[in-house]
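The figures that follow rest on heavy atoms only: side chains count, while hydrogens, waters and symmetry mates do not.
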Amino acid sequence: MTEAAFTPRVFSGIQPSGGLTLGNYLGALKRFAQAQDRGIETIYCMVDLHAITVWQDPAKLRHATRELCAGFIASGVDPEKSILFNQSQVAAHAQLAWIFNCVARMGWMKRMTQFKDKAGKNAENASLGLFGYPALMAADILVYHATHVPVGEDQKQHLELTRDIATKFNHDYGIDFFPITEPVIEGAATRVMSLRDGSKKMSKSDPSDMSRINLTDDADTIAKKIRKAKTDPEPLPSEVDGLEGRPEARNLVNIFAALSDQSVDQVMAEVGGKAFSEFKPLLADLAVAQMSPISDEMSRLMQDVSEIDRILADGADRARAIAAPILRKTYEIVGMVGA
């Protein structure tokens with residue numbers, strides 16, 4: 001099998017850790033919805049096994065998984081066009097992860113900056129799952145022979161590890177079995193920053209709710225947060241270079257560009273010279289028009305969690321149908337009897 005023989009397939013996952021934000025929408029969900037209409041199979045996963053690398057309240061995890069599914073659908077991901085499921089319902093993810101635990105090297109894992117960031121000074125008390133979860137992430141992707149993965153800048157290192165694992169497996173067993181997956185990073189707002197501090201990523205963990213736009217915010221709340229977003233006293237420049245050293249201005253321009261499907265250059269040509277007192281109402285109107293229907297639809301979907309569970313179960317059935325023969329062949333390659 002050569003690399004050219006792999007069927008083009010997109011895979012991506014999001015942790016159901018609760019509190020979806022504008023950053024999740026612009027950096028992931030909106031792109032996922034657009035990708036499903038490009039004629040390539042799309043598989044999207046709520047990675048609940050990754051979520052439990054740190055302790056989770058079981059009831060909150062169930063709610064967050066269902067709310068994340070509602071967020072996918074409200075953002076335009078069609079369960080008929082894409083495969084939409086939660087990771088724990090497809091056992092092949094965990095099974096292939098064990099194989100990859102035996103392929104990956106300790107030195108590779110120790111270089112993962114996200115483990116260092118999350119474990120901090122308390123690394124000795126972090127779970128083994130938190131240390132080893134990049135191998136599970138590689139399994140998430142490669143159990144479907146995914147050829148492309150939409151990722152944020154902060155996940156590039158993990159995708160590079162996925163490529164290293166695929167390369168080493170193929171080399172060790174003398175077969176081009178796993179694809180060398182390509183990252184997909186595109187658009188103006190792959191990394192959306194805090195509305196209170198343009199140097200920090202927009203995050204649900206920020207103590208200030210005014211730092212982010214939640215996908216569950218109503219129209220009035222969205223508009224209020226945009227109006228109160230931190231800015232600087234200078235008017236907007238007409239050229240992109242003029243945003244240098246102005247993180248809050250750059251962030252709001254990036255958000256406008258992503259919501260309006262324009263390039264930053266196009267936005268600068270449109271709003272250059274405007275004061276923030278003129279620009280913020282334009283951005284607020286745009287954000288409300290784009291985001292409040294998502295909030296309304298999420299609320300409607302969460303009124304019937306049995307339908308969400310049905311969608312996830314159907315997606316898991318479809319995912320298993322793809323993953324099972326790939327896992328079976330992997331077992332055969334490594335020498336498992338009965339594979």
A.B. asks: Could you tell me whether the side chain of L136 reaches within less than 4.5 Å of the side chain of L96, counting heavy atoms only?
C.D. replies: no
A.B. asks: Let me see the working for T221 and D218 under side-chain hydrogen bond (donor to acceptor under 3.5 Å, both in side chains), right down to the final yes or no.
C.D. replies: CA-CA 5 Å; T221 303; D218 61 23; 2.7 Å; yes
A.B. asks: Is the shortest heavy-atom distance from the side chain of E182 to the side chain of V149 under 4.5 Å?
C.D. replies: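 The answer is no, as the side chains (C-beta and beyond) never meet within the 4.5 Å cut-off.
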A.B. asks: Just so I know, are the side chains of T7 and E41 near enough to count as touching, which here means a heavy-atom distance under 4.5 Å?
C.D. replies: no
A.B. asks: Consider only side-chain N and O atoms of S306 and D304, and report whether a donor and an acceptor are under 3.5 Å apart.
C.D. replies: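 S306 vs D304: donor-acceptor pair found between side chains.
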A.B. asks: Between S292 (side chain only) and A289 (backbone N and O only), is there a donor and an acceptor less than 3.5 Å apart?
C.D. replies: no
A.B. asks: If you round to the nearest 0.5 Å, how far is CH2 of W55 from CG of L61?
C.D. replies: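 It is 10.0 Å, given to the nearest 0.5 Å.
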A.B. asks: If I compare all heavy atoms of T231 with all of F276, which pair ends up nearest, and what's the gap?
C.D. replies: CG2-CD2, 3.5 Å
A.B. asks: Minimum heavy-atom separation for R300 and E297, please, with both atom names.
C.D. replies: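 Nearest pair, atom of R300 first, then E297: NH2-OE2, 2.8 Å.
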A.B. asks: Quick one: CG on D285 to CD1 on I226, what's the gap to the nearest 0.5 Å?
C.D. replies: 10.5 Å
A.B. asks: Could you check whether any side-chain heavy atom of M268 comes within less than 4.5 Å of a side-chain heavy atom of P237, counting everything from C-beta outward?
C.D. replies: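 With C-beta onward as the side chain, the pair touches.
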A.B. asks: Do M291 and L259 have side chains that approach each other closer than 4.5 Å (heavy atoms only, starting at C-beta)?
C.D. replies: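 Result yes, sub-4.5 Å side-chain heavy-atom pair found.
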A.B. asks: Whether E160 and R163 form a salt bridge (side-chain N of Lys/Arg under 4.0 Å from carboxylate O of Asp/Glu) is what I want to check.
C.D. replies: no
A.B. asks: Indicate yes or no for a side-chain donor-acceptor contact from E248 to the backbone of G198 under 3.5 Å, with no hydrogens or angles considered.
C.D. replies: yes
A.B. asks: Would you say the side chain of M336 lies within less than 4.5 Å of the side chain of V334, judging by non-hydrogen atoms?
C.D. replies: yes
A.B. asks: Less than 4.0 angstrom from a charged side-chain N to a carboxylate O is my criterion; do R212 and D217 meet it?
C.D. replies: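 D217 and R212: not salt-bridged.
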A.B. asks: Step through the shown structure and confirm whether more than 12 heavy atoms of other residues, nucleotides or ligands are within 6.0 Å of CD on E244.
C.D. replies: no
A.B. asks: Would you check if the side chain of N24 reaches a backbone N or O of T21 as a donor-acceptor pair within less than 3.5 Å?
C.D. replies: yes
A.B. asks: Indicate yes or no: does D314 engage R318 in a salt bridge with an N to O separation below 4.0 Å.
C.D. replies: yes
A.B. asks: Does this structure show an ion pair linking D309 with R66, if we count only N-O contacts that are shorter than 4.0 Å?
C.D. replies: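 Between R66 and D309 there is a salt bridge, with a charged N closer than 4.0 Å to a carboxylate O.
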A.B. asks: Is the gap between the ring centers of F85 and Y44 under 6.0 Å?
C.D. replies: no
A.B. asks: Check the hydrophobic clustering (I, L, V, M, F, W, Y; side-chain heavy atoms under 4.5 Å; chains of links allowed) and say if L252 and L22 are grouped together.
C.D. replies: yes
A.B. asks: With side chains defined as the heavy atoms from C-beta onward, is the minimum distance between E270 and F256 less than 4.5 Å?
C.D. replies: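 Contact flag for E270/F256 side chains = yes.
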A.B. asks: I'd like to know if the side chain of N170 and the backbone of A166 have a donor-acceptor N/O pair within less than 3.5 Å.
C.D. replies: yes
A.B. asks: Do you reckon I141 sits in the same ILVMFWY cluster as V47, going by side-chain contacts under 4.5 Å, direct or chained?
C.D. replies: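 Hydrophobic grouping puts I141 apart from V47.
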A.B. asks: Hey, what do you get for NZ (K280) to NZ (K274), rounding to the nearest 0.5 Å?
C.D. replies: 15.5 Å
A.B. asks: Taking only residues two or more places apart in sequence, or in another chain, which ones meet H50 in a ring pair (Phe, Tyr, Trp, His ring centres under 6.0 Å)?
C.D. replies: Y133
A.B. asks: What do you reckon, are the aromatic ring centroids of H145 and F177 less than 6.0 Å apart?
C.D. replies: yes
A.B. asks: Return the minimal non-hydrogen interatomic distance between G132 and N101, and the atom names on each side.
C.D. replies: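 It is O-OD1, 4.3 Å.
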A.B. asks: Between K110 (side chain) and R105 (backbone), is there a donor-acceptor pair under 3.5 Å?
C.D. replies: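 A pair under 3.5 Å: no.
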A.B. asks: Please check if the side chain of S75 supplies one atom and the backbone of K30 the other of a donor-acceptor pair under 3.5 Å.
C.D. replies: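 Not at all, since once roles are kept as given, no pair shorter than 3.5 Å links the two residues.
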A.B. asks: Is I333 linked to Y331 within one hydrophobic cluster, defined over Ile, Leu, Val, Met, Phe, Trp and Tyr using a side-chain heavy-atom separation of less than 4.5 Å?
C.D. replies: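 Yes; Y331 is reachable from I333 via cluster members.
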A.B. asks: Is the closest side-chain heavy-atom distance between H148 and I40 below 4.5 Å?
C.D. replies: no
A.B. asks: Would you find a donor on one side and an acceptor on the other, under 3.5 Å apart, between the side chain of S127 and the backbone of T53?
C.D. replies: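 Side chain of S127 to backbone of T53: a pair is present.
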A.B. asks: To the nearest 0.5 Å, what is the distance between CZ (F32) and CG (L84)?
C.D. replies: 10.5 Å
A.B. asks: Whether the side chain of N214 engages the backbone of T216 through a donor-acceptor N/O pair (distance < 3.5 Å, no angle test) should be reported.
C.D. replies: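 Judged by distance alone, no pair lies under 3.5 Å.
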A.B. asks: Out of curiosity, does L243 fall in the hydrophobic cluster containing L283 (side-chain heavy atoms, cut-off under 4.5 Å, transitive links)?
C.D. replies: yes
A.B. asks: Are H93 and Y144 close enough that their ring centres sit under 6.0 Å apart?
C.D. replies: yes
A.B. asks: For N86, enumerate each residue passing the side-chain contact (heavy atoms from CB on, under 4.5 Å) test, keeping only those at least two apart in sequence or located in another chain.
C.D. replies: M46, D48, T65, S88, Q89, L312
A.B. asks: Which value, rounded to the nearest 0.5 Å, describes the distance between T181 atom OG1 and I165 atom CD1?
C.D. replies: 10.5 Å
A.B. asks: Applying side-chain hydrogen bond (donor to acceptor under 3.5 Å, both in side chains) to D197 and S199, what does each step give before you reach the verdict?
C.D. replies: CA-CA 5 Å; D197 182 349; S199 67; 2.6 Å; yes
A.B. asks: When you group the ILVMFWY residues by side-chain heavy-atom contacts below 4.5 Å and let the links chain together, are L49 and I326 in the same group?
C.D. replies: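 No, because I326 and L49 fall into different hydrophobic clusters, even though each may have its own neighbours under 4.5 Å.
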A.B. asks: In sequence, state the C-alpha distance, the side-chain angles, and the governing distance for S82 and Q36, and then conclude on side-chain hydrogen bond (donor to acceptor under 3.5 Å, both in side chains).
C.D. replies: CA-CA 6 Å; S82 297; Q36 69 189 358; 2.8 Å; yes
A.B. asks: Are Q15 and S17 linked by a side-chain donor-acceptor pair shorter than 3.5 Å?
C.D. replies: no
A.B. asks: Calculate, to the nearest 0.5 Å, the distance between atoms CH2 and CG belonging to W108 and D164 respectively.
C.D. replies: 5.0 Å
A.B. asks: If we ignore hydrogens and angles and just use 3.5 Å, is the side chain of K225 paired with the main-chain N or O of D209 as donor and acceptor?
C.D. replies: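 Yes, the answer is positive, given that a donor and an acceptor are paired below the 3.5 Å cut-off.
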A.B. asks: What pair of heavy atoms forms the shortest contact from P293 to V288, and how long is it?
C.D. replies: CD-O, 3.7 Å
A.B. asks: Search all heavy atoms of Q95 against all heavy atoms of L327 and return the closest pair with its distance.
C.D. replies: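 The pair with the smallest heavy-atom distance is OE1-CD2, 3.4 Å.
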A.B. asks: Take F178 and F100 through the test ring-ring contact (aromatic ring centres under 6.0 Å, His included) and record every step on the way to the result.
C.D. replies: CA-CA 12 Å; F178 288 113; F100 288 168; 5.4 Å; yes
A.B. asks: Donor-acceptor pair, distance only, cut-off 3.5 Å: does the side chain of E278 make one with the backbone of A275?
C.D. replies: yes
A.B. asks: For atom CD of E239, is the number of surrounding heavy atoms from other residues, nucleotides or ligands below 6.0 Å larger than 12?
C.D. replies: no
A.B. asks: How close do G315 and I83 get, counting heavy atoms only, and between which atoms?
C.D. replies: O-CG2, 3.3 Å
